[in-house]
Amino acid sequence: MTTNSTSAPVTTIERLGNHVGQTVTLQGWVYDKSSKGKLHFIKLRDGTGICQCVAFKGDVSEELFEKLGHLGQESSLVLTGTIKAEPRAPGGYEMSVKEGRVVQQVEGYPITPKEHGPDFLLSNRHLWLRSKKQWALMRIRDAVITAIRRFYDERGFVCIDSPIFTPAACEGTSTLFEVQYFEDKAYLTQSGQLYAEASAMAFGKVYTFGPTFRAEKSKTRRHLTEFWMLEPEVAFADLDDIMQLAEDMLCYVVKQVLERRKPELLALERDLTKLECIQAPFPRLSYDEAAKILAQHPESTFKYGDDFGAPDETILSKMFDRPVMVHRYPKEVKAFYMKRDPADPSKALCVDVLGPEGVGEIIGGSQREEDLDALQGRIREHGLPEEAFAWYLDLRRYGSVPHAGFGLGLERTVGWIAGTEHVREASPYPRMMYRIYP
RNA sequence: UCCCCGGUAGCUCAAUGGUAGAGCACCCGGCUGUUAACCGGGUUGUUGUAGGUUCGAGCCCUACCCGGGGAGCCA
């Protein structure tokens with residue numbers, strides 16, 4: 001067993017640029033290895049990046065050289081050596097190994113550098129996360145989350161999270177997951193919005209950001225049964241205000257990701273020009289304007305008055321190089337809490353933001369009905385249990401004000417920015433209709 | 001819930017109704033600059049499950065199981 005006799009400082013691969021010419025220690029896992037006679041090339045992965053470590057026979061002990069030659073993928077090890085700039089090495093830096101210690105030698109790691117199918121990879125999600133592209137994706141997801149929180153913090157919003165256990169349906173439409181709550185039934189939340197409205201009346205500008213659940217049997221690349229949703233809610237705001245907010249936020253988030261995660265985007269072979277053009281102003285279409293476009297489109301089966309289907313959204317989003325905001329849908333296809341447009345009471349004051357490149361809806365929002373009588377009537381029309389909404393109606397009894405907000409689907413947004421085909425890859429441990437392992 | 005596609009070695013896939021195959025992975029040997037290395041040798045099977053048709057089924061038929069894509073619904 002080789003031990004570190006030197007006291008070389010431990011560092012990480014992302015900081016190697018500060019250590020050129022120095023002897024340092026890296027701790028990580030074998031990402032890939034190839035040997036050529038009297039030298040081993042070990043691509044070491046430490047969570048912050050990948051560094052090629054070269055061990056020449058003669059530079060290290062016989063025992064270590066032999067051990068390094070038998071390392072399987074994902075063997076864990078600690079290596080000490082000198083760092084040099086090396087154009088032949090991926091990443092630009094390379095370690096000349098002097099000493100090392102194998103923490104665990106591994107055989108038979110399931111995910112090889114070759115091709116694998118989605119079923120196999122999803123069953124091995126706990127290991128798949130170590131792969132380069134999944135690693136890049138999760139780092140982009142992290143940057144999106146951080147950017148969102150920064151954005152709202154800078155604008156004076158307060159994060160007030162909504163509960164995950166709820167006593168009843170929020171909107172009365174989606175199928176919910178039912179859980180046993182002591183002696184009673186409860187449901188996993190499908191949206192934190194109603195609570196965000198209450199929070200907004202207490203704090204002015206708020207957002208809630210957490211997991212939401214839909215028990216719908218959706219099997220498409222846009223659907224998860226568990227996904228994270230960001231929901232800002234603003235007192236004294238109208239539809240135009242939150243459309244502006246959504247536009248500002250998306251521009252900010254994309255800019256931050258471009259600044260902080262460019263290597264990760266490139267690792268995913270993302271076309272950066274598609275992100276660089278995400279600039280205000282975004283195109284805005286009324287439902288009526290969008291309906292006219294679809295009526296003239298040969299591939300659309302859209303009928304006026306219907307909600308847009310997924311193919312219709314794709315047609316609309318492909319017309320623009322940035323997100324398109326479609327507003328003022330017919331009230332019949334939208335939720336009970338949305339305020340009517342005073343200029344046309346058949347329409348709701350709402351907006352859907354459709355991501356570009358055919359990714360579909362990433363944001364849905366609205367101005368909320370603040371009038372007590374109107375809202376009560378709406379709850380009855382929809383056949384919702386009034387008792388369950390008593391607290392929600394209180395918000396219209398005690399200092400009701402115009403207010404508005406929206407919900408953003410995190411995984412769809414990450415998938416769009418990262419350019420992935422499926423939302424499931426934008427979630428670290430995706431939950432889908434037929435998949436709850438690992 | 002509905003429509004379409006698929007299930008063969010650890011992985012990715014091939015195999016007119018007629019002996020179950022390849023590449024990769026893995027193991028052994030060789031090589032001082034590999035980037036999915038290369039060269040030589042070797043190991044790898046309840047063809048998703050259960051029936052049926054047939055002299056003979058991985059292939060045809062029925063049912064079921066598992067997964068993928070899409071519709072609806074939504075973010």
Side-chain angles (χ1 to χ4, degrees), chain A residues 31-43 50 52-59 65 69-73 86-91 94 96 106-124 127-128 132 170-176 189-193 209 211-231 246 301 306-314 333-335 351-355 359-365 406-416 421-424 426-427 432-435 437:
Chain A
Y31 187 77
D32 196 9
K33 180 187 71 90
S34 65
S35 296
K36 199 170 189 321
K38 296 192 169 59
L39 78 167
H40 301 307
F41 296 97
I42 295 165
K43 291 201 182 68
I50 293 173
Q52 176 164 280
C53 302
V54 185
F56 282 94
K57 192 170 189 167
D59 282 3
F65 188 81
H70 291 276
L71 289 183
Q73 229 183 311
E86 172 55 73
R88 285 175 293 184
E94 182 176 275
S96 303
V106 169
E107 264 177 46
Y109 183 70
I111 302 178
T112 65
K114 290 285 177 179
E115 291 170 47
H116 297 286
D119 181 44
F120 176 80
L121 289 170
L122 286 167
S123 295
N124 287 284
L127 303 175
W128 190 23
K132 207 182 288 178
C170 285
E171 302 181 12
T173 51
S174 298
T175 316
L176 304 186
T189 186
Q190 58 154 333
S191 163
Q193 183 206 310
F209 193 12
T212 52
F213 307 87
R214 305 280 166 92
E216 246 104 34
K217 296 190 172 176
S218 302
K219 280 177 53 175
T220 82
R221 64 167 173 269
R222 299 182 302 281
H223 288 89
L224 299 169
T225 55
E226 175 182 326
F227 64 95
W228 278 61
M229 189 149 68
L230 161 86
E231 295 172 280
T301 56
D306 288 354
D307 202 352
F308 300 132
D312 297 322
E313 290 184 351
T314 302
V333 302
K334 289 294 177 182
V351 60
D352 283 358
V353 180
L354 310 179
V359 302
E361 185 179 351
I362 54 175
I363 286 178
F406 62 79
L408 169 130
L410 178 67
E411 286 78 9
R412 284 189 184 176
T413 304
V414 171
W416 157 50
E421 186 65 19
H422 308 84
V423 272
R424 61 188 175 204
S427 170
M432 289 168 293
M433 187 179 159
Y434 289 123
R435 195 174 282 281
Y437 176 93

Problem set entry | salt bridge (charged side-chain N to carboxylate O under 4.0 Å, His left out) involving Glu361(A) - partner list, sequence neighbours excluded | none
Problem set entry | Side-chain N or O of Arg435(A) closer than 4.0 Å to phosphate OP1/OP2 of G68(B) | yes
Exercise. Could you run down nucleotides 32-38 of chain B 5' to 3' and tag each one B, S or - for protein heavy-atom contact under 4.0 Å?
Worked result: BBBBBB-
Exercise. If only atom types and distance count, is the side chain of Gln52(A) paired as donor or acceptor with the main-chain N or O of Ala89(A) below 3.5 Å?
Worked result: no
Exercise. Expressed in angstrom and rounded to an integer, what is the separation of His116(A) atom NE2 from A25(B) atom P?
Worked result: 11 Å
Seminar exercise, completed: Contacts of Thr220(A) meeting side chain to side chain donor-acceptor pair (under 3.5 Å) (sequence neighbours excluded), chain-then-number -> His223(A)
Exercise. When you compare G40(B) with A22(B), how far apart are their P atoms, in angstrom units rounded to a whole number?
Worked result: 15 Å
For this session: Between protein and nucleotides 43-49 of chain B, map the contacts as a letter string: B base, S sugar-phosphate only, - none, heavy atoms under 4.0 Å, written 5' to 3'.
Result: -------
Exercise. Does a nitrogen or oxygen in the side chain of Arg424(A) sit under 4.0 Å from OP1 or OP2 of G67(B)?
Worked result: no
Exercise. Where the side chain of Glu226(A) meets the backbone of Phe213(A), is there a donor-acceptor pair that is under 3.5 Å apart?
Worked result: no
Problem set entry | Glu107(A): side chain to side chain donor-acceptor pair (under 3.5 Å) partners, not counting sequence neighbours | none
Exercise. Taking atom C1' in both U54(B) and G18(B), what distance in whole Å separates the two?
Worked result: 12 Å
Exercise. For the pair made of CG in Leu121(A) and C1' in G68(B), what is the distance, rounded to whole Å?
Worked result: 13 Å
For this session: Take the protein atom CD of Glu313(A) and the nucleotide atom P of A75(B), then report the distance between them rounded to whole Å.
Result: 10 Å
Problem set entry | Whole-Å P distance, G21(B) and C5(B) | 30 Å
For this session: Quickly work out the Glu361(A) CD to G72(B) C1' distance and round it to whole Å.
Result: 14 Å
Problem set entry | Length of the CG-C1' vector between Asn124(A) and C11(B), whole Å | 10 Å
Exercise. When only distance counts, do a donor and an acceptor, one from the side chain of His223(A) and one from the base of C74(B), lie under 3.5 Å apart?
Worked result: yes
For this session: Quickly work out the Arg222(A) CZ to G68(B) C1' distance and round it to whole Å.
Result: 15 Å
For this session: With sequence neighbours excluded, tell me which residues meet salt bridge (charged side-chain N to carboxylate O under 4.0 Å, His left out) with Asp59(A).
Result: none
For this session: Looking at every strand, decide which applies to Leu408(A) at a 4.0 Å heavy-atom threshold: base, sugar-phosphate, or nothing.
Result: nothing
For this session: Quickly work out the Glu107(A) CD to C28(B) C1' distance and round it to whole Å.
Result: 13 Å
Exercise. If we take the P atom in both G67(B) and U12(B), what is their distance in whole Å?
Worked result: 16 Å
Seminar exercise, completed: Those residues at least two apart in sequence (or on a different chain) that pass side chain to side chain donor-acceptor pair (under 3.5 Å) with Asp32(A) are none
Exercise. Which whole number of Å gives the distance between the P atom of A57(B) and that of A20(B)?
Worked result: 11 Å
Problem set entry | Base-paired stems that RNA chain B participates in, counting runs of 3 or more Watson-Crick or G-U pairs under 3.5 Å | B:1-7 with B:65-71, B:10-13 with B:21-24, B:26-30 with B:38-42, B:48-52 with B:60-64
Problem set entry | Counterpart residues, salt bridge (charged side-chain N to carboxylate O under 4.0 Å, His left out), relative to Arg435(A) (two or more places apart) | Asp119(A)
Exercise. Quick one: salt bridge (charged side-chain N to carboxylate O under 4.0 Å, His left out) partners of Glu313(A), sequence neighbours excluded?
Worked result: none
For this session: Using a 4.0 Å heavy-atom cut-off across all strands, classify Gly360(A) as base, sugar-phosphate, or nothing.
Result: nothing
Exercise. Going from NZ on Lys57(A) to NE2 on His40(A), what distance comes out if it is rounded to the nearest 0.5 angstrom?
Worked result: 8.0 Å
Problem set entry | P gap between G10(B) and G45(B), integer Å | 8 Å
For this session: Would you classify Thr112(A) as touching base, sugar-phosphate or nothing, given that sugar-phosphate means primed atoms plus P, OP1 and OP2, and contacts are heavy atoms under 4.0 Å?
Result: sugar-phosphate
For this session: Select base, sugar-phosphate, or nothing to describe what Gly72(A) touches, counting heavy atoms under 4.0 Å on all strands.
Result: nothing
For this session: Please evaluate the base of G68(B) for a donor-acceptor partner in the side chain of Lys219(A) within a cut-off of under 3.5 Å?
Result: yes
Problem set entry | Counterpart residues, side chain to side chain contact (heavy atoms under 4.5 Å, CB included), relative to Val359(A) (two or more places apart) | Ile362(A), Trp416(A)
Problem set entry | Of the listed nucleotides C74(B), U12(B), A75(B), the one nearest the side chain of Phe227(A) | A75(B)
For this session: Ignoring the backbone of Asp119(A), work out which of C11(B), A71(B), G67(B) is nearest its side chain.
Result: G67(B)
Problem set entry | Below 4.0 Å: OP1/OP2 of G69(B) and any side-chain N or O of His422(A) | yes
Exercise. Taking the side chain as C-beta and beyond, is there a heavy-atom pair between Val351(A) and Phe406(A) under 4.5 Å?
Worked result: no
Exercise. Checking all strands, does Ile363(A) fall into the base, sugar-phosphate, or nothing category for heavy-atom contacts under 4.0 angstrom?
Worked result: sugar-phosphate
Exercise. Expressed in angstrom and rounded to an integer, what is the separation of Leu230(A) atom CG from A75(B) atom P?
Worked result: 13 Å
Exercise. Say you pick atom P in G6(B) and the same atom in C61(B); how far apart are they, in whole Å?
Worked result: 12 Å
For this session: Could you measure between the two C1' atoms, the one in U43(B) and the one in U62(B), and give it in whole Å?
Result: 39 Å
Exercise. Who passes side chain to side chain donor-acceptor pair (under 3.5 Å) against Thr314(A), sequence neighbours left out?
Worked result: none
